[in-house]
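Each ligand, and each atom within it, is numbered from 1 in the order the structure gives. Worth saying up front: this structure is predicted, and the values here are computed from it rather than measured. For reference, positions follow the sequence shown, starting with 1.
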Amino acid sequence: MAASLAALLQARGYRVRIRKFDPYLNVDPGTMSPYQHGEVYVTDDGAETDLDLGHYERFSGVSARQSDNVTSGRIYQDIIAKERRGDYLGATVQVIPHVTDEIKKFALDESDDLDFILCEIGGTVGDIESLPFMEAIRQLRNELGRDQSISIHVTLVPYVAAAGELKTKPTQHSVRELTSLGIQPDILLCRCEHNLPDNERAKIAAFCNVRKEAVIPALDAESIYAVPLQYHAEGLDDQVLRAFNVDNNKEPDLSRWYDINDRYHNPEGEVTIGVVGKYVGLQDAYKSLHEALVHGGMAHRTRVNIKWLDAEMFESEEDIVSKLEPMHAILIPGGFGERGSEGKIASIKFARERNIPFFGICLGMQMACLEGARNISGIGDASTSEFGATDNPVIGLITEWQSKDGIEKRDDDSDLGGTMRLGAYPAKLNNNSHVASIYDSQEIEERHRHRFEVNMAYKDSLEKGGLIFSGMSPDGELPEIVERPDHPWFIGVQFHPELKSRPFDPHPLFASFIGAALKQSRLV
Ligand code: GLN
């Protein structure tokens, strides 16, 4: 919702930022299982954030920052650190005003060059843990004044099939709950499966104290790319500007949205990509990856069918052939832990031997190095120290690296939260490499989230096995990209390119990968 509204406001020429408030107590989602919380989205400035920030970034094109996502955990951590330092000068530290003040500060932080800040509060109205956020928003609205802030409430209008009826009661109840917290919504965005008839809209308006035109139906859309256009057709951006008393009857420029919808909904080709991973039961665990593959398809007007394949299946040769043979390309995504690694390595061997386009991301690149080390370079027990002690740590712990803030150091005993190599780092690409031609540049910057890296003590043996280190950190110390020049498309990257792909600006590696899959689809 916030991402689509941001896109509509931008299309009218406004500068926007979107922020997400997560009421849970984790300091950030970095240590949460992808099964609990979906993917962890990493920003350029190295924050591990909620996956909604990925949507915001993809829809608005504005790079998200650490200051765009805050959890109760982070707020309490900051407050308790201040309390221990004695910053409160003997005061009793309380939810109101100390926690609410911190929340208000986050809401307005770094906002000088903006027209609108969109703050999304996670969870549901009535949750105990979101109360301080609601209270902070109530205060903020009072402090900023009526035409400087508005409140939009997303509600559900369920359809009861047996009665053939839309039910407005849940919306009425949740608005009542919200107003009891002192927040009267200006706009209601009503999620519904069926069109909201005029009389139901009028009923919601009357019960909820909202103008009828500001009760906006939000029907399930054909795709996420259709949502901004649909909200515009229902008048969301008009109503928002009206609530702010802004006179703006110019039509927004939505041409780029029409263009990507056309590319997405009217494809001319089709490819099937096998993603061999571990968290395949929950699509949100690979949200950005899914989007980046679709963007790569948009670049070629191609429908991308993604087959999520559990790596553990590939421990037998038979399954590999039957399940991977129909794929036009194979991708191994990032991940943590040993489970499924043998299946990943076997899939990489299959892609390498059969000349099927292969893309390895983060753990996927590390597995591509283990595959080469074991099956070509003759290091049969090559492994990664992530999976336990090994005589041949072809992948090892990063203990020291150069960041923008100086040298960072870690060891086996470091905390797990927030201690990986995180955020944007530059890399230099070899002249004449496949990746340099794909990026059309020799200098790139990509986002990282990993604790281990290819151990350069094994560089010579890996190179003898046909892998080339075509991208390195600028100091030449850390391997960023490997590729196989004797293969049509075989690239492994230590970073997460999917985090920077946008529908209007598909990431070059994903666009090229889908191009290679298209070529492959014509061969088979
Ligand atoms: N587990 C690996 C590491 O920490 C890879 C991480 C990832 O794929 N994001 O290095």
Side-chain angles (χ1 to χ4, degrees), residues 28-35 37-44 46-49 51 54 275-280 284-290 292 308 311 330-345 347-348 358-371 373 382-388 390 393-401 403 408-425 427 446-456 458 471 473 477-482 491-501 509:
D28 60 44
T31 55
M32 285 157 94
S33 156
Y35 274 128
H37 193 261
E39 100 181 338
V40 174
Y41 190 76
V42 180
T43 59
D44 279 334
E48 296 178 280
T49 69
L51 82 171
V275 177
V276 182
K278 175 172 159 187
Y279 316 106
V280 290
D284 269 1
Y286 298 116
K287 194 75 212 162
S288 296
L289 180 68
H290 175 267
W308 303 98
I330 293 169
L331 188 150
I332 314 265
F336 293 82
E338 190 169 8
R339 187 160 61 76
S341 57
E342 293 306 319
K344 291 177 191 172
I345 291 172
S347 319
I348 298 168
F358 167 77
F359 196 1
I361 294 180
C362 209
L363 186 65
M365 169 213 193
Q366 298 173 354
M367 294 301 107
C369 292
L370 294 191
E371 192 280 323
S383 188
T384 157
S385 18
E386 181 173 2
F387 303 163
T390 163
V394 169
I395 313 294
L397 187 70
I398 328 178
T399 49
E400 220 176 270
W401 68 96
S403 81
E408 299 225 26
K409 290 190 187 194
R410 303 284 189 269
D411 60 33
D412 281 330
D413 298 329
S414 299
D415 280 355
L416 287 184
T419 56
M420 282 187 261
R421 182 172 178 239
L422 285 168
Y425 282 88
E446 293 282 4
R447 297 185 196 168
H448 291 69
R449 180 172 187 253
H450 62 116
R451 195 167 275 123
F452 299 87
E453 61 167 323
V454 185
N455 182 346
M456 291 317 267
Y458 291 89
S473 57
E477 296 283 330
L478 298 179
E480 293 278 7
I481 306 179
V482 294
I491 293 174
V493 296
Q494 187 55 78
F495 44 82
H496 288 276
E498 70 274 24
L499 301 176
K500 281 177 68 169
S501 187
L509 285 173

Carboxylate-amine/guanidinium contact Glu480 Arg421, below 4.0 Å: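 Answer for the salt bridge query: yes.
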Salt bridge flag under 4.0 Å for residues Glu386 and Arg451: no
Parallel, tilted or perpendicular: rings of Trp308 and Tyr286 (30°, 60°):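 Tyr286 and Trp308: parallel rings.
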Part of His496 within contact of ligand 1 (heavy atoms, under 4.0 Å):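 Looking at His496 and ligand 1, just side chain atoms fall under 4.0 Å.
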For [atom], the protein heavy atom that lies nearest, with its residue and separation:
atom: atom 10 (O) of ligand 1; value: Phe452 N, 2.8 Å
atom: atom 7 (C) of ligand 1; value: Cys362 SG, 3.0 Å
atom: atom 5 (C) of ligand 1; value: Gly335 O, 3.3 Å
atom: atom 4 (O) of ligand 1; value: Arg451 N, 2.9 Å

Should you measure from each heavy atom of [X], which atoms of ligand 1 turn up under 4.0 Å away?
X: Glu386; answer: 1 (N), 2 (C), 3 (C)
X: Arg449; answer: 6 (C), 7 (C), 9 (N)
X: Gly334; answer: 8 (O)

Value rounded to 0.5 Å, distance of OG in Ser341 from CD in Glu371: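 Going from the OG atom of Ser341 to the CD atom of Glu371 covers 13.0 Å.
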Check against side-chain contact (heavy atoms from CB on, under 4.5 Å), Val482 and Met365: CA-CA 7 Å; Val482 294; Met365 169 213 193; 3.8 Å; yes
Non-hydrogen atom of Gln494 closer than 4.0 Å to ligand 1: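 Contact check Gln494 vs ligand 1: negative.
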Ligand 1 contact by Met420, heavy-atom criterion under 4.0 angstrom: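 For ligand 1, residue contact (heavy atoms, under 4.0 Å) with Met420 is absent.
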Polar proximity ligand 1 side, Leu363 side, N/O cut 3.5 Å exclusive: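 Checking ligand 1 against Leu363, an N or O pair does fall under 3.5 Å apart.
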Residue pair Ser288, His496: steps toward the side-chain contact (heavy atoms from CB on, under 4.5 Å) verdict: CA-CA 9 Å; Ser288 296; His496 288 276; over 6 Å; no
Flag for Tyr425-Trp401: side-chain donor and acceptor within less than 3.5 Å: yes
Passing option when Leu363 is tested against His450, Gln494, Lys344 for side-chain contact (heavy atoms from CB on, under 4.5 Å): Lys344
